[in-house]
Amino acid sequence: MTYENLMGNLREDSVIILDGANGTELELRGVPMDDNAWCGLAAIDNIQILKDIHMDYISSGADIITTNTYASNRMMLESAGLAENFRLINEATVRVAKSAAQEFPDRDILVAGSLSHRTPVDDNGNLTVMSCEQEAYAEMALLLEREGCDLILLEMLYHPDRVRHVLNAAKETRLPLWAGFSAR
């Protein structure tokens, strides 16, 4: 489905179904979570499980699947000691989502690139403030565009001070933007 077709369907009051959480589902399926980058490392050793999750969401009716990039920006990967693998991890994550969508040639599935304002947490569980946030978010947004995502999903926005940073980064792309907010 092209994004234009999706918007046409929305104008016609059609229902569009988004997938569910990737990280939570990875954890439920036994993928170990990293204390720093949570589910962001799934592309390293658990790519088939991630693809199975995407395919299960599509089989359940999802029209849009979301890349597992919620917790894999450079700041998160750096806190896990894997910043040098930023491109490898995120390119593989987008590739697996696109591959899962292509497994359903009779369905028009869009791939949403997840862009969050997630940063590492300190020892007390608080998000850290980092001077490189804007650059890290922009790097992720541009990677999602370059790798062929159909739209950017600003995922789980809950920190008012950080929303503008992630929104500005997403606006650097030519992709449509959707946003999901979380009340805390």
Side-chain angles (χ1 to χ4, degrees), residues 1-7 16 18-19 21-23 26 34 37-51 53-55 57-58 62-105 107-120 130-157 162-180:
M1 168 183 336
T2 66
Y3 189 79
E4 292 76 26
N5 290 346
L6 173 105
M7 293 309 295
I16 305 297
L18 278 72
D19 63 358
N22 286 313
L26 284 161
D34 183 87
W38 188 46
C39 63
L41 308 182
I44 294 176
D45 294 322
N46 298 283
I47 204 77
Q48 185 59 51
I49 295 172
L50 181 58
K51 183 174 182 179
I53 291 168
H54 289 310
M55 292 178 64
Y57 282 132
I58 296 167
D63 300 300
I64 301 173
I65 57 173
T66 308
T67 61
N68 185 49
T69 51
Y70 173 79
S72 60
N73 65 49
R74 187 172 295 278
M75 295 176 295
M76 297 297 292
L77 294 177
E78 184 176 316
S79 70
L82 293 166
E84 71 279 358
N85 293 325
F86 170 81
R87 287 186 60 181
L88 174 95
I89 290 168
N90 289 295
E91 289 171 356
T93 298
V94 174
R95 212 172 22 254
V96 75
K98 290 174 65 175
S99 173
Q102 292 166 357
E103 294 279 335
F104 295 82
R107 301 267 313 278
D108 292 321
I109 307 300
L110 294 180
V111 174
S114 173
L115 181 61
S116 78
H117 58 34
R118 177 98 183 182
T119 60
M130 304 186 80
S131 62
C132 62
E133 283 181 56
Q134 185 66 51
E135 294 82 13
Y137 302 145
E139 178 183 36
M140 177 64 82
L142 294 171
L143 179 139
L144 295 170
E145 178 183 39
R146 184 180 66 248
E147 293 303 308
C149 291
D150 298 297
L151 63 126
I152 299 282
L153 174 61
L154 303 178
E155 191 173 7
M156 293 283 299
L157 300 178
R162 291 198 164 105
V163 169
R164 67 182 161 87
H165 295 302
V166 74
L167 177 60
N168 288 337
K171 287 171 33 179
E172 289 186 30
T173 74
R174 297 175 306 263
L175 296 175
L177 307 178
W178 288 24

K.L.:
Rounded to the nearest 0.5 Å, how far apart are CH2 of Trp178 and CD1 of Ile64?
P.N.:
3.5 Å
K.L.:
Which distance, rounded to the nearest 0.5 Å, do you find between the CG of Asp45 and the CG of Leu50?
P.N.:
12.5 Å
K.L.:
Would you find a donor on one side and an acceptor on the other, under 3.5 Å apart, between the side chain of Tyr137 and the backbone of His117?
P.N.:
yes
K.L.:
Within the side chain of Arg74, is there an N or O that forms a donor-acceptor pair under 3.5 Å with the backbone of Met140?
P.N.:
no
K.L.:
Tell me if a side-chain donor or acceptor on Asn22 pairs with a main-chain N or O of Thr66 at a distance below 3.5 Å.
P.N.:
yes
K.L.:
So which heavy atom on Leu175 is nearest to which on Cys149, and how close?
P.N.:
CD2-O, 3.4 Å
K.L.:
Which heavy atom of Thr69 sits nearest to which heavy atom of Gly113, and what is that distance?
P.N.:
OG1-C, 4.3 Å
K.L.:
Please determine whether side-chain hydrogen bond (donor to acceptor under 3.5 Å, both in side chains) holds for the pair Ser72 and Asn90, giving the CA-CA distance in whole Å, both sets of side-chain angles, and the decisive distance to 0.1 Å.
P.N.:
CA-CA 7 Å; Ser72 60; Asn90 289 295; 2.5 Å; yes
K.L.:
Do Leu144 and Thr173 come within less than 4.5 Å of each other through their side chains, counting heavy atoms only?
P.N.:
no
K.L.:
Which residue pairs pass the salt bridge (charged side-chain N to carboxylate O under 4.0 Å, His left out) test with at least one member in residues 92-105, sequence neighbours excluded?
P.N.:
Lys51-Glu103
K.L.:
Between Ala97 and Ile65, which heavy-atom pair has the shortest distance, and what is it?
P.N.:
O-CD1, 3.2 Å
K.L.:
Has Tyr57 got a side-chain atom pairing as donor or acceptor with Ala21's backbone, closer than 3.5 angstrom?
P.N.:
yes
K.L.:
Kindly indicate whether the side chain of Met55, heavy atoms from C-beta on, has any atom under 4.5 Å from the side chain of Phe104.
P.N.:
yes
K.L.:
Can you measure from CG (Leu88) to CD1 (Ile44) and round to the nearest 0.5 angstrom?
P.N.:
7.0 Å
K.L.:
Do the side chains of Asp63 and Arg107 get nearer than 4.5 Å, heavy atoms only?
P.N.:
yes
K.L.:
Give the minimum heavy-atom separation between Ala169 and Ala141, together with the two atoms involved.
P.N.:
O-CB, 3.5 Å
K.L.:
Find the distance between CE (Met76) and CG (Asn73) and round it off to the nearest 0.5 Å.
P.N.:
6.5 Å
K.L.:
Could you pull out the closest heavy-atom pair between Glu155 and Ser116, with the gap in Å?
P.N.:
O-CB, 3.7 Å
K.L.:
Over all heavy atoms of both residues, which pair between Ala43 and Thr93 is shortest? Give the atoms and the distance, please.
P.N.:
CB-OG1, 3.2 Å
K.L.:
Distance-only, no hydrogens or angles: does the Ser114 side chain make a donor-acceptor pair with backbone N or O of Asn68 under 3.5 Å?
P.N.:
no
K.L.:
Could you tell me if the side chain of Leu167 sits less than 4.5 Å from the side chain of Leu177, heavy atoms only?
P.N.:
yes
K.L.:
Please determine whether the number of non-hydrogen atoms from other residues, nucleotides or ligands lying under 6.0 Å from atom CZ of Arg87 exceeds 12.
P.N.:
no
K.L.:
Under the salt bridge (charged side-chain N to carboxylate O under 4.0 Å, His left out) rule, what pairs show up with a residue in residues 163-175, not counting sequence neighbours?
P.N.:
Glu145-Arg174
K.L.:
Would you compute the distance between atom CG of Asp34 and atom CG of Leu82 and round it to the nearest 0.5 angstrom?
P.N.:
7.0 Å
K.L.:
Are Leu77 and Asn85 packed together at the side-chain level, in the sense that at least one heavy-atom pair is separated by less than 4.5 angstrom?
P.N.:
no
K.L.:
Atom NE2 of His54 and atom CG of Asp19: how far apart are they, to the nearest 0.5 Å?
P.N.:
7.5 Å
